[in-house]
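What follows is one structure encoded as structure tokens, with my remarks underneath.
Indexing begins at 1, ligand by ligand and atom by atom, following the structure's order.
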Amino acid sequence: MTLRYRAPGRVNLIGEHTDYNDGYVLPAAIAFDTVATVSPAEKLELVSLNDPPAGWERYVLGVIEQLQKRGVVIPPVRLVFDSSVPIGAGLSSSAALEVSAALALLGAAKRELGKLEIAQLCQQAEVETVGLACGIMDQFIAMHGKANHAVLLDCRTLVSRQVRIPKDIALVIADTRLKHELASSEYNTRKAECEAAALELGVTSLRDANVWNGNRRARHIVTENARVLSFVESLETNERRMMGELMAASHASLRDDYEVSCPELDLMVECAQRCPGLIGARMTGGGFGGSTINLVAAEHSEAFRDRLARLYEAETGKAPNILITKAADGASASTDDPRIQ
Ligand code: GLA
């Protein structure tokens with residue numbers, strides 16, 4: 001029997017690099033996803049219908065290892081992946097791959113696991129097999145996304161809450177097309193720097209800090225956690241000026257204190273200020289390339305996209321890839337597999 005499962009990419013509205021510091025994040029799943037089709041085979045076969053970077057299979061092999069550790073017996077299968085999530089754009093194509101693979105393999109093995117456990121095993125696959133010491137945000141939202149909502153996640157307790165995104169606000173993602181290839185060593189360095197800062201401040205993790213003693217990495221985490229909670233309030237009351245200010249402060253903090261932005265992301269955020277309908281703009285995801293997230297008054301989203309593309313191209317000579325999207329549901333079976341709700 002052939003089974004098919006989909007898992008979405010994500011965009012993070014605010015709360016960047018806070019997840020591995022036990023902090024708050026506010027991602028949304030997006031209407032771009034990876035579809036995994038699984039069918040019986042003689043031996044394991046992995047096929048991508050896209051043009052993925054070398055070594056993409058490691059993500060799937062990592063998931064297989066994690067499933068096996070949990071006692072899942074995986075029969076020989078052919079797994080075919082077809083993805084609309086731009087790769088290397090900071091939109092979590094890797095989590096979409098891992099989660100779609102996990103669901104497909106569980107389907108083939110006729111096993112069920114809870115949503116949180118699936119998210120966690122996919123995160124562990126990335127940490128242990130791929131070597132990126134990532135937090136839980138991407139895999140969590142790929143499983144728990146909700147149409148028209150962002151999800152506030154407390155990465156310490158793993159308690160989450162859906163926050164409605166006002167209907168008249170569009171999510172506009174501006175991909176610089178600068179692939180964030182060098183990001184993983186810097187990412188792991190930031191994580192180590194945060195652990196050292198927590199030790200120095202005498203706290204378990206930076207989530208518990210409220211001072212930073214001149215440490216800029218710590219200042220980013222402490223102020224970013226506060227911004228997430230204020231942003232949720234402003235989203236719930238549709239206070240657009242506040243949303244914009246918080247997103248601008250988040251970007252500045254990532255650029256100046258956490259040092260994970262790059263000239264292209266900074267320029268994309270600056271150009272957005274000159275486009276119609278902008279509510280707020282900031283880099284999204286790990287940084288060092290990839291995309292910005294723009295909240296835009298929906299009636300202006302196309303004019304915004306066209307003007308942003310023109311302004312950015314005029315400055316850089318490179319055409320960005322700008323996507324107008326909305327918050328989507330988390331992973332699911334795309335056949336009528338009764339095992340997946
Ligand atoms: C990557 C990681 C996430 C998170 C973000 C930064 O996407 O996979 O866990 O740390 O970067 O917020």
Legend entry - Spacing of OG belonging to S301 relative to CG belonging to D306, to within rounding of 0.5 Å: 9.5 Å
Legend entry - Any side-chain donor near an acceptor of the partner, H251 and D266, under 3.5 Å: yes
Inset, instruction - Establish, yes or no, whether the cationic atom of R219 lies under 6.0 Å from the six-membered ring centre of Y258 and within 45° of the ring axis. - result: no
Legend entry - Ligand-side contact atoms (ligand 1) for residue partner G286, heavy atom cut-off under 4.0 Å: 11 (O)
Legend entry - N/O separation below 3.5 Å, R10 to ligand 1: yes
Inset, instruction - Report the C-alpha separation of E264 and K318 in whole Å, then their side-chain angles, then the decisive distance to 0.1 Å, and conclude whether the salt bridge (charged side-chain N to carboxylate O under 4.0 Å, His left out) test is met. - result: CA-CA 10 Å; E264 290 81 353; K318 285 192 200 120; 5.1 Å; no
Inset, instruction - Check whether any N or O atom of S92, backbone or side chain, sits under 3.5 Å from an N or O atom of ligand 1, and answer yes or no. - result: no
Legend entry - Short N or O distance, G135 and ligand 1, threshold 3.5 Å exclusive: yes
Inset, instruction - Look only at interatomic distance and state if Y187 has a nitrogen or oxygen under 3.5 Å from any nitrogen or oxygen of ligand 1. - result: yes
Legend entry - Region of M283 that comes within reach of ligand 1 [heavy atoms, distance under 4.0 Å]: neither
Inset, instruction - List every atom of ligand 1 that sits less than 4.0 Å from any heavy atom of Y20, numbering the atoms from 1 in the order shown and giving each element. - result: 10 (O)
Inset, instruction - Any chance you could lay out the salt bridge (charged side-chain N to carboxylate O under 4.0 Å, His left out) test for R255 and E270, step after step, and finish with the verdict? - result: CA-CA 13 Å; R255 182 190 60 211; E270 280 159 33; 5.3 Å; no
Inset, instruction - Would you check the N or O atoms of H17, main chain and side chain alike, for any that come under 3.5 Å of an N or O of ligand 1? - result: yes
Legend entry - ILVMFWY cluster, L61 and L106 together (side-chain gap under 4.5 Å): yes
Inset, instruction - Provide, to 0.1 Å, the distance between atom 8 (O) of ligand 1 and the closest protein heavy atom, together with that atom's residue and name. - result: D138 OD2, 2.7 Å
Inset, instruction - Measure the distance from atom 3 (C) of ligand 1 to every protein heavy atom, then report the residue, atom name and distance (to 0.1 Å) of the closest one. - result: D19 OD2, 3.3 Å
Legend entry - Of the listed options R190, E224, E16, closest to atom 6 (C) of ligand 1 (non-hydrogen atoms): E16
Inset, instruction - Run the salt-bridge test on R240 and D168 with the 4.0 Å N-O cut-off and return the result as yes or no. - result: yes
Legend entry - Salt bridge present between R217 and E259 (N-O < 4.0 angstrom): yes
Legend entry - atom 5 (C) of ligand 1: nearest protein contact (heavy atom, Å): M137 CE, 3.8 Å
